[in-house]
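Quick notes on the structure that follows.
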Amino acid sequence: YSLHRLKDKGIFSIKRDSINQAGSVNIIVFDKTGTLTHGSFTIQVVHPVGVKEEKFLEYIYAAESLSTHPIGKAICHGKNLKKVASEQKNFLEIPGVGVETNWKKNKILAGNSKLMSKFNIEIEEPKEIGTAIHCAVNGKYIGYIVLSDIIKEDAQPMVDLLHSEKVEIILLTGDHEENTKDICNKLKIDRWHSELLPEQKTDILVQEMENTDKAVAFIGDGINDAPSIIRSDIGIAMGGIGSDIAVENADIVIMNDDPAKVYDAMRIAKMARNTSIFNIAFALFIKIGVTIAAITLEIIGAEPLPMWVAVLADTGLTVVLVINSLILLYRKVRIKKI
Ligand code: ADP
Ligand code: MG
């Protein structure tokens, strides 16, 4: 019954075996980009250093022209870069840091401060809040671009709902500390780890799992998140933009990418779990009770229990328990209004 309800609610699927664990999750680890934010960036500031803005843009467009990352796509959005893209040599997309390419005998780097420090390039710290992408040509710093991503409308209700269920929320991201802190403070997220490489996200998740004996869920959009989705007790994938591998390995798939559905999934799993625990306990209680009563009456030589008691304790009990399960279909998932 729960499974049908999940589909109604736009949560595409929850694996049957995961209902038990999904109902007892105490920590949820989130990926930021694409999960809590839309993952569609817009350029806020272009800040060239020592070169004309045109020249700066020419280089950064060239560097990102082959990028498949949402940041690279946003930088190149609406530009016709087919020719420039075909001129790139040894293009390399380094997960979690940026891109490296050779164009017209120039070596271009575009990415975060981690990429720049790897090549010993001194950067200018942006004052603006957002995700900063720095650019360097032939080892010379030429400036930065600041992009901003929009927090999903349902991210705040989701945090509040999960907090009301005493679930701790942890955010993991490859983005830099300042921007992460800003988003986490806005949303009142409990803890966060920033500037992570994709594989470090999995390490942190594993650490969190070792530090608690409760179930830990991980939710991501799939790009680089598949290992964490597989490792966590409950892996959740954003099905709309998620990659196939993430969706295939997830215990729960959220079809409309609405983060608040995570709460609904947990609640439904919890309700289903509580109902099944109640049903088993109640059935055992009645059956053991009737058995003890029958044996006791036999021992003391009293009148035996009438036949209808046995029928009630068996078929009657089954009917009661089925009705109790059916009630699940009509119960409200969100009790608290946010
Ligand atoms: P998240 O953890 O937020 O999902 P990623 O791990 O995909 O982010 O990327 C982390 C960081 O790596 C980005 O914030 C950005 O600074 C840098 N980065 C990744 N790909 C690119 C790219 N194509 N161009 C510039 N920077 C990039
Ligand atoms: Mg991501």
Side-chain angles (χ1 to χ4, degrees), residues 11-15 17-18 20-22 24-39 67-73 92-100 111-112 114-115 118 131 149 152 158 162 167-177 180 183-184 189-255 257 259 261-262 265-266 269:
I11 301 166
F12 176 68
S13 79
I14 175 166
K15 281 190 190 150
D17 344 342
S18 14
N20 191 23
Q21 266 194 322
S24 60
V25 163
N26 283 80
I27 297 180
I28 302 191
V29 180
F30 277 86
D31 167 62
K32 180 173 78 66
T33 314
T35 307
L36 280 185
T37 66
H38 282 287
S67 170
T68 53
H69 194 275
I71 291 181
K73 284 188 176 163
L92 187 63
E93 190 146 39
I94 315 163
V97 295
V99 293
E100 192 186 328
N112 53 24
K114 216 181 268 172
L115 178 72
K118 189 178 150 202
T131 303
D149 193 1
K152 289 186 184 172
M158 186 261 333
L162 288 174
V167 174
E168 191 182 9
I169 303 171
I170 302 171
L171 185 86
L172 305 184
T173 181
D175 204 353
H176 63 103
E177 172 66 16
T180 310
I183 290 177
C184 290
I189 284 171
D190 303 296
R191 286 191 285 137
W192 63 86
H193 300 267
S194 61
E195 298 174 25
L196 300 172
L197 297 174
E199 60 272 20
Q200 289 176 316
K201 290 187 188 172
T202 316
D203 294 344
I204 291 198
L205 173 76
V206 171
Q207 255 176 39
E208 291 290 347
M209 289 169 71
E210 278 167 5
N211 290 343
T212 174
D213 39 286
K214 292 165 180 158
V216 179
F218 178 88
I219 167 161
D221 61 351
I223 308 161
N224 301 328
D225 294 332
S228 303
I229 287 178
I230 297 167
R231 284 300 292 271
S232 57
D233 296 320
I234 291 288
I236 308 172
M238 288 291 179
I241 55 169
S243 66
D244 291 349
I245 175 155
V247 169
E248 245 161 61
N249 289 292
D251 299 297
I252 298 175
V253 179
I254 312 245
M255 270 325 269
D257 293 352
K261 290 284 178 265
V262 175
M266 303 278 156

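A distance-only check finds no donor-acceptor pair linking the side chain of Thr212 to the backbone of Met209 [under 3.5 Å]. A donor-acceptor pair is defined here as one N or O able to donate and one able to accept, closer than 3.5 Å; no such pair exists between the side chain of Gln21 and the backbone of Ala215. For the pair Lys32 (side chain) and Leu171 (backbone), a donor-acceptor distance under 3.5 Å is absent.
The side-chain contact (heavy atoms from CB on, under 4.5 Å) test with Val167 is passed by exactly one of Val262, Asp190, Leu162: Leu162.
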Run the side-chain contact (heavy atoms from CB on, under 4.5 Å) check on Ile170 and His193 step by step: do they pass?
CA-CA 8 Å; Ile170 302 171; His193 300 267; 4.0 Å; yes
task: Applying side-chain contact (heavy atoms from CB on, under 4.5 Å), run through Thr68 and Glu93 and close with a yes or a no.
output: CA-CA 8 Å; Thr68 53; Glu93 190 146 39; 3.1 Å; yes
Hey, mind stepping through Phe218 and Leu172 against side-chain contact (heavy atoms from CB on, under 4.5 Å) and telling me if it holds? CA-CA 10 Å; Phe218 178 88; Leu172 305 184; 4.2 Å; yes
Requested in this report: Would you sort out whether Ile254 and Ile236 count as a side-chain contact (heavy atoms from CB on, under 4.5 Å), showing the intermediate values?
Outcome: CA-CA 7 Å; Ile254 312 245; Ile236 308 172; 3.7 Å; yes
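Within the 4.5 Å cutoff, side-chain heavy atoms of Leu205 are placed close to those of Arg231. The side-chain heavy atoms of Ile94 and Leu115, taken from C-beta on, include a pair separated by under 4.5 Å. The shortest distance between side-chain heavy atoms of Leu196 and Thr173 does not fall below 4.5 Å. Residues Ile189 and Leu36 form a side-chain contact, since some pair of their non-hydrogen atoms from C-beta on lies under 4.5 Å apart. Contact check for Ile28 versus Glu168: no side-chain heavy atoms found under the 4.5 Å cut-off.
Of all heavy-atom pairs between Ala22 and Ile234, the closest is N-CD1, 3.6 Å. Contact between Gly34 and Asp221 at its shortest, heavy atoms only, is CA-OD2, 3.5 Å. Nearest heavy-atom pair, Ala217 versus Ser232, reported as atom, atom and distance to 0.1 Å: C-CB, 4.3 Å. In terms of heavy atoms, Gly39 sits closest to Thr33 at CA-CG2, 3.9 Å. Shown here for Gly220 and Ile229, the closest heavy-atom pair between the two residues is O-CD1, 4.3 Å.
Taken from CG in Asp225 to CE in Met238, the straight-line distance is 10.5 Å, to the nearest 0.5 Å. Here CG of Asn26 is found 5.0 Å from NZ of Lys214. Values are rounded to the nearest 0.5 Å. With rounding to the nearest 0.5 angstrom, the NZ atom of Lys201 is 13.5 Å from the CZ atom of Phe30.
For the side chain to side chain contact (heavy atoms under 4.5 Å, CB included) test, residues two or more places apart in sequence or in another chain that qualify with Leu197 are Val97, Lys114, Glu199, Gln200. Remark: Asp149 pairs with no residue by the salt bridge (Lys or Arg N to Asp or Glu O under 4.0 Å) rule, at least two apart or across chains. Evaluation of the side-chain hydrogen bond (donor to acceptor under 3.5 Å, both in side chains) rule for Glu177 yields Trp192, Ser194 as partners, not counting sequence neighbours. Considering only residues two or more places apart in sequence or on other chains, Glu195 meets the side-chain hydrogen bond (donor to acceptor under 3.5 Å, both in side chains) condition with none of them. Taking the side-chain hydrogen bond (donor to acceptor under 3.5 Å, both in side chains) definition, one finds that Thr131 meets it with Asp175, Asn179, sequence neighbours left out. In this view, Glu208 and Arg191 satisfy the side-chain hydrogen bond (donor to acceptor under 3.5 Å, both in side chains) rule, not counting sequence neighbours.
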